[in-house]
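What follows is a short report on a single structure.
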Amino acid sequence: MANEVEITDKKQPAHKKYVLKKRAPQKTNYKINYEQELNSKQLEAVMSNEGALLVIAGAGSGKTKTLTYRVARLIEDGVAPENILLLTFTKKAAHEMLSRATLVLDNRCERVAGGTFHSFANIILRKYASALKLKNNYTIMDRSDCEDVINHIVGQMFPKKEKRFPKKSTLLDMYSKSVNKETPTKIIIENEFPQFEHCIDKIIEVHKAYVVYKRENSILDYDDLLLYLKLLLENNEGLRQKISGEYKYIMVDEYQDTNTLQADVIKLLASVHKNIMAVGDDAQSIYAFRGANYKNIFDFPKLFDNTKIIKLEQNYRSTQNILELTNTIIGKAKEKYDKQLFSEIVSPVKPALICAKNTQMEAEFICQRILELLDEDVELGDICVLARNARMSYSLEIELSKRAIPFRKVGGPKFMETAHIKDIAAHLRVLVNPDDVISLTRILLLLRGIGNSAVNNIIPVIKGNFNPDIKLLPSNKMNSLAPLLKVLDKERSKIATKKPSEIVEEIIHYYRPILKDKYDDFSKREKDLEHFQYLSTQYSNLEDFISDMALEPPDASVEGMYKNNSDDDALTISTIHSAKGLEWDSVFIIGAVDGRFPSAYSFNSEEEMDEELRLMYVAATRAKNNLYITYPVDMYDYSMHMVLSKPSRFLDNIPDDILELWDIE
DNA sequence: TCAAGGCCATGCTGG
DNA sequence: ATGGCCTTGA
């Protein structure tokens, strides 16, 4: 909206020059008093309209608030919610922002299009799959499925074992980086996996076969979702116009963790109108292992001409004492960051570094300190324990259970990745997509008497045709195969009419005997099946259910934690990666022992060490008032054959007026 | 020849 | 707790 219009007098001398005055924002017409609730920088971002805008937002500087209020402000100015696209890192972040926007404005905000890049890509691709010659019932594979496919391909191409050939997960890392960084596999291997240069040709051959395999079987992995979205937008002028026109205002959160493929998608999405607002913090980039590059954020102005840049530097979250520590930490990076956050929140309490004799004592300290915090009127839901990886909290989880302190765990091994849940999901996938050979293989291998070679004979016959009367194996093997075919045949015909939860129920009923046969601890796993069934009741379409479970898998399966969704009064245990963007009154960072955090595997790479450092920075900046960093000194490291006993090097030589040192007696 | 069970080593973070 | 590898058993 141009506020200033000048009628020029160049060619029309007879006309009088009339200047429209700049209108002050019409605050009286807004329901929200933006000027009062935001600082000047935030306000500038919220009030900006057309064009590209980059907001560099330090930790706790009101990034979420800025995004939330901009959504509200656009809607107040008459933009249809459906025309706004909010891309975030997790679905949860999108939901949180939109419900906050709903609180400050009204429920129109719920209609804003939002979610992760991947879920957005999925929505668009299901709609326009045919433009890419793709079936729209394609399966989305999670990581372990992809690994199975790769293993299958390697086994076919090189029946004899190759010497020092990368493991399936390493292969997948290479391919994924190649796609996300838009760099040939060859270069990725040379730069990041030089130990495998000797078999570079074979690795590339496997990659090609992997791509073909996915195409032939209507399978997409996470990277394909982004890649195909890019191709769709790139190669279909008409569709690009249409989609870009639909999403007239685009906002991207956590821009520092996007990769070049995502940057391309954004560029294409905004190609028609260039109304794009990106928000991020280069000092909080922690996803390099997934192809993200914190430098991406500085390249944003290269994607869009005349990018306006706004910096948010005042922190509203943490005490100044905590910020003094975090400023010191980030100051240790090899690559320098322009970060000196300040806060007006004053408190006498200082962050503390606590040495524990072992993980047991570390756990006891945390439990005791938590109980003291509760006495100081901190709520349990306002306390979080952060760890570099999910395993580090095992001792603590035991201690918490002993003391009956409720907790929920975020990050780490996924519910959907547990073997029994994958088994059930594989049955459902075969129902939706009978071409899904990987899932079919998985469910056949569950049967007694059927192994790899039998599977290879069976699949060509039953692919897409689950006739239970077929006779293709000796009768003893048919006895285990027939019940499977029967249930698949029966449910396949009802896929369109039955509720997903009813189909899941039938599959679980069929699968339960297999579960009991396969696992000694089946009763615990049976509870997971019940939970899975419960999740399915939230859906009216089986395909949506399966896609969602792949794109936004529910948190780790922790016994007894299921029904506590509404129970906010529990301690949070989280990986640092999963704590991105969140905040708590009191934060414990555990396992801060050198060799684990930073991990010893990062020692010889400056870039990886910087990423570990940023991770520590992200962890420490989650805390509002109390920050405790603990480390046990009895950790044995198998790879280095030594006991780890020093605190994280990121906390070395920090004066004790910034970081207090505690010993446990 | 194929399936199944046992044993050993172990690199995490996630859509 | 899990995948990879080897041995055993049918």
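Quantities reported herein were computed from a predicted structural model and do not represent experimental measurements.
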- Are any of the side-chain heavy atoms of A:Y222 and A:L551 separated by less than 4.5 Å? yes

- Message: At less than 4.0 Å, is any side-chain N or O atom of A:R448 found next to OP1 or OP2 of B:dG5? Yes or no.
- Response: yes

- Task: Would you check if the side chain of A:K409 reaches a backbone N or O of A:A390 as a donor-acceptor pair within less than 3.5 Å?
- Result: yes

- With sugar-phosphate meaning primed atoms plus P, OP1 and OP2, does A:A550 contact a base, only sugar-phosphate, or nothing at under 4.0 Å between heavy atoms? nothing

- Query: With no hydrogens and no angle check, is any side-chain donor or acceptor of A:T258 less than 3.5 Å from a backbone partner on A:Y255?
  - Reply: yes

- Any sub-3.5 Å donor-acceptor pair from A:E417's side-chain atoms to A:K414's backbone N or O? no

- Query: A:T575 side chain N/O closer than 4.0 Å to the phosphate oxygens (OP1, OP2) of B:dG14?
  - Reply: yes

- Task: Using a heavy-atom cut-off of under 4.0 Å over every strand shown, decide if A:N151 touches base, sugar-phosphate, or nothing.
- Result: sugar-phosphate

- Query: Closer to the 5' end of DNA chain B via nearest nucleotide, is it A:R388 or A:S119?
  - Reply: A:R388

- Less than 6.0 Å separating the ring centroids of A:Y247 and A:F120? yes

- Message: Just the rounded figure in Å: distance from C1' of B:dG14 to CG of A:D257.
- Response: 11 Å

- Query: Taking atom C1' of B:dG15 as reference, at what distance in whole Å does atom CE of A:M549 sit?
  - Reply: 14 Å

- Message: Over all strands shown, is A:L615 touching base, sugar-phosphate only, or nothing at heavy-atom distances under 4.0 angstrom?
- Response: nothing

- Taking the six-membered ring for Trp and the full ring for Phe, Tyr or His, determine whether the centres of A:H420 and A:F415 are under 6.0 Å apart. no

- Task: Would you classify A:F117 as touching base, sugar-phosphate or nothing, given that sugar-phosphate means primed atoms plus P, OP1 and OP2, and contacts are heavy atoms under 4.0 Å?
- Result: nothing

- Task: Rounded off to whole Å, could you give me the CD-to-P distance for the A:Q262 and B:dG15 pair?
- Result: 12 Å

- Query: Under a 4.0 Å heavy-atom cut-off, which of residues 288-296 of chain A touch DNA chain B?
  - Reply: A:F289, A:R290

- DNA chain B nearest-nucleotide lookup for A:V455 and A:E608: closer to the 5′ end is A:V455

- Assert yes or no for the condition that the ring centre distance of A:Y617 to A:F650 is strictly below 6.0 Å. no

- Message: If you compare every side-chain N and O of A:S578 against the phosphate oxygens of B:dG14 (OP1, OP2), does one of them come in below 4.0 Å?
- Response: yes

- Query: Can you tell me how far C1' of B:dC2 sits from CG of A:L444, to the nearest Å?
  - Reply: 16 Å

- DNA chain C: 5'-most and 3'-most nucleotides touching chain A, 4.0 angstrom heavy-atom criterion: C:dT2 to C:dC6

- Roughly, in whole Å, what's the span from NZ in A:K518 to C1' in B:dG5? 14 Å

- Roughly how many Å is it from NZ in A:K409 to C1' in B:dC12, rounded to a whole number? 13 Å

- Task: Look at all strands and tell whether A:R525 reaches a base, only sugar-phosphate, or nothing, counting heavy atoms closer than 4.0 Å.
- Result: sugar-phosphate

- Message: Side chain of A:S453, heavy atoms from C-beta onward: which of B:dG15, B:dC2, B:dT13 has the nearest atom to it?
- Response: B:dC2

- Query: Contact class for A:K167 (heavy atom, under 4.0 Å): base, sugar-phosphate, or nothing?
  - Reply: nothing

Show each protein N/O and nucleotides 6-10 of chain B N/O combination with a separation under 3.5 Å, one pair to a line.
none

- Message: I'd like to know whether the aromatic ring centres of A:F89 and A:Y287 sit less than 6.0 Å apart in this structure.
- Response: yes

- Is there a donor on the side chain of A:N389 or the base of B:dG11 sitting less than 3.5 Å from an acceptor on the other? no

- Message: Any heavy-atom pair between the side chains of A:E254 and A:K63 that's under 4.5 Å?
- Response: yes

- Task: Answer yes or no: is there a donor N or O on one side and an acceptor on the other, between the side chain of A:E583 and the main chain of A:A623, under 3.5 Å?
- Result: no

- Query: Would a distance-only check, ignoring hydrogens and angles, find a side-chain to backbone donor-acceptor pair under 3.5 Å from A:N293 to A:K295?
  - Reply: yes

- Query: Whole-Å distance between B:dG14 C1' and A:D221 CG?
  - Reply: 14 Å

- Message: Using a 4.0 Å heavy-atom cut-off, does A:A454 contact any base of the nucleic acid, only the sugar-phosphate backbone, or nothing at all?
- Response: sugar-phosphate

- d(CG, A:L87; P, B:dG15) in whole Å: 15 Å

- Query: Where the side chain of A:T90 is concerned, which of B:dG15, B:dC12, B:dA3 is the nearest nucleotide?
  - Reply: B:dG15

- Query: Would you call A:D221-A:R143 a salt bridge at under 4.0 Å N-O?
  - Reply: no

- Hey, is the main chain of A:E612 close enough, under 3.5 Å, to the side chain of A:R388 for a donor-acceptor pair? no

- Task: Under 4.0 Å between any heavy atoms, over every strand shown, what does A:N452 touch: base, sugar-phosphate, or nothing? Just pick one.
- Result: sugar-phosphate

